[in-house]
Asks: 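There's a structure below that I have some questions on.
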Amino acid sequence: MEQDPTPRRLSAHQILQAYERDLALRRGFSHYTVTAYVSDARSFLLFLGALVSGHESVREPNEHSEVQKQQDAASPEVAPMDLTLLDLDDVRSWLASFPPQEAKATLARHTAAIRNFSAWLFKQGLTERDAAQNLKSPKVHNRLPRVLNQSQVALLLQRARERAESGDAIEIRNWAALELLYGSALRISELCALNVQSLIPDGTVRVIGKGNKERIVPYGVPAQRALMRYLEVRHNLEKEPTTALFLGARGGRLNPRSMRDVVHRAASDAGLPDVAPHSLRHSAATHMLDGGSDLRSVQEMLGHSSLATTQRYTHVSAQRLMGAYRLAHPRA
């Protein structure tokens, strides 16, 4: 593929706009991935802009008058940036600027983002090399979130249903969202992105997952009942016409942060250990495997592109089986 005929000197604002368009339109990344990658790219460019004095790899010396240099430094988003000689040391310096207590998983995410951005800069002809090509990610322990047992999930959802009996639209929404989050093993971003039209009358829901990939996922009778009740009161939350299925208190689309709070409060209200939304997804996958579902079906339901990702849940099921064996088998 030929490089785009992009000038070698663009402002940070122009670079970020072009990068965001590429991620969203050409590569089809999800809204949340685009937001995270562009945020890290902006952080990196602002970091480079802060190194104007004495950092020759990102700006050519003596190119502007002193007055112009001061204007550029005061407005890094508008001033042209010369990234021609960007190198690995620049990237490592940016990563080193994060607090030392930053979690390894967060640093790994920053590393993935800057690798992507560096490769894009090189492809656009804005740098002489892919500066982050040889950057290594910190090793992250692949720990699964807390998994609730079936009785705990039933208690959480029963408590949500009891609160919904008050008739409050927010409580009914919370009940329906929790039922669907667990019933269809959705990611929280997928749940919040659903539209009313995403619900299919046959008891399935059309989900847009990572990489803009669409999949059809079933949901059970309890979720169907909760959703039907919510749709009856949804208009009480709607301030202006919108296709969003789950609405916030102000009438707009429910955002992931608010939904996380819903899950935390629901667990606390049910007297359960604190859990994250992803825990309900992991719990659903584990319970399906415990119930005899095959790995491929679980993979399809979760929207995993690799079976290896789904296989992580077999470790949880195996551990549970071992525990039951030690407790119950006479020869354990």
Side-chain angles (χ1 to χ4, degrees), residues 1-98 102 106-135 137 189 193 208 210-212 252-253 255-256:
M1 181 183 294
E2 295 182 2
Q3 290 187 346
D4 293 338
T6 309
R8 297 181 72 83
R9 288 178 63 83
L10 297 175
S11 70
H13 181 69
Q14 290 171 320
I15 291 172
L16 292 172
Q17 276 192 325
Y19 183 50
E20 183 173 7
R21 284 196 302 270
D22 186 78
L23 292 175
L25 301 180
R26 189 181 69 83
R27 301 176 67 177
F29 284 3
S30 72
H31 168 74
Y32 301 100
T33 300
V34 172
T35 300
Y37 274 28
V38 172
S39 176
D40 276 340
R42 178 179 289 106
S43 169
F44 181 58
L45 293 181
L46 291 177
F47 176 79
L48 295 180
L51 298 178
V52 173
S53 58
H55 196 87
E56 297 182 358
S57 67
V58 293
R59 292 204 187 247
E60 296 176 3
N62 303 322
E63 185 176 352
H64 302 299
S65 67
E66 287 301 319
V67 174
Q68 184 64 50
K69 285 182 180 179
Q70 291 175 6
Q71 291 175 347
D72 287 355
S75 183
E77 290 272 337
V78 177
M81 298 188 75
D82 182 9
L83 302 173
T84 307
L85 301 180
L86 188 72
D87 59 25
L88 185 56
D89 286 341
D90 296 319
V91 176
R92 285 175 172 163
S93 295
W94 174 70
L95 289 171
S97 71
F98 289 98
E102 193 98 340
T106 305
L107 286 176
R109 181 175 59 80
H110 291 319
T111 302
I114 200 62
R115 269 214 217 96
N116 188 293
F117 185 48
S118 173
W120 180 84
L121 289 171
F122 176 62
K123 183 179 290 186
Q124 301 305 308
L126 294 168
T127 60
E128 288 188 349
R129 64 185 68 84
D130 182 353
Q133 184 176 16
N134 296 321
L135 187 67
S137 294
S189 58
I208 305 299
K210 289 186 175 181
N212 245 7
R253 183 181 295 274
N255 64 66

Asks: Could you tell me whether R92 atom CZ has more than 12 heavy atoms of other residues or ligands within 6.0 Å of it?
Replies: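 Not more than 12 within 6.0 Å, no.
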
Asks: Taking the side chain as C-beta and beyond, is there a heavy-atom pair between F44 and V91 under 4.5 Å?
Replies: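 The answer is yes; the side chains approach within 4.5 Å.
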
Asks: Can you check whether L45 reaches Y19 side chain to side chain, under 4.5 Å on heavy atoms?
Replies: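 The answer is no, as the side chains (C-beta and beyond) never meet within the 4.5 Å cut-off.
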
Asks: To check you understand the geometry: which heavy-atom pair defines the closest contact between M81 and A12, and what is its length?
Replies: SD-CB, 3.8 Å

Asks: Is it the case that the side chain of S39 and the backbone of T35 share a donor-acceptor pair, with hydrogens and angles ignored and the cut-off at 3.5 Å?
Replies: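 Not a single qualifying donor-acceptor pair exists.
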
Asks: Of all heavy-atom pairs between E20 and V34, which one has the smallest distance, and what is that distance?
Replies: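 That closest heavy-atom pairing would be CG-CG1, 3.8 Å.
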
Asks: Please tell me if the side chains of R109 and D40 come closer than 4.5 Å, counting only heavy atoms from C-beta onward.
Replies: yes

Asks: What residues form a side chain to side chain donor-acceptor pair (under 3.5 Å) with R21, not counting sequence neighbours?
Replies: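 Applying side chain to side chain donor-acceptor pair (under 3.5 Å) to R21 gives none.
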
Asks: Do D22 and K123 have side chains that get closer than 4.5 Å, going by heavy atoms?
Replies: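 D22 vs K123: side chains apart.
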
Asks: Is any side-chain heavy atom of L10 closer than 4.5 Å to one of L126?
Replies: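 In contact.
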
Asks: Going by the angle between their ring planes, with limits at 30° and 60°, are F98 and W94 parallel, tilted or perpendicular?
Replies: perpendicular

Asks: With a 3.5 Å distance limit and no angle check, can you tell me whether R115 reaches the backbone of L135 through a side-chain donor-acceptor pair?
Replies: yes

Asks: Is the shortest side-chain heavy-atom distance between S93 and F47 below 4.5 Å?
Replies: yes

Asks: Where do S118 and A131 come nearest, in terms of heavy atoms and distance?
Replies: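 Taking S118 first and A131 second, the nearest heavy atoms are OG-N, 3.0 Å.
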
Asks: Under the side chain to side chain contact (heavy atoms under 4.5 Å, CB included) rule, what do I15 and L121 come out as? Steps first, then yes or no, please.
Replies: CA-CA 9 Å; I15 291 172; L121 289 171; 4.1 Å; yes

Asks: Going by the rule side chain to side chain donor-acceptor pair (under 3.5 Å), which residues pair with S189 if we only count those two or more places apart in sequence or in a different chain?
Replies: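 Once residues adjacent in sequence are excluded, S189 has no partner under the side chain to side chain donor-acceptor pair (under 3.5 Å) criterion.
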
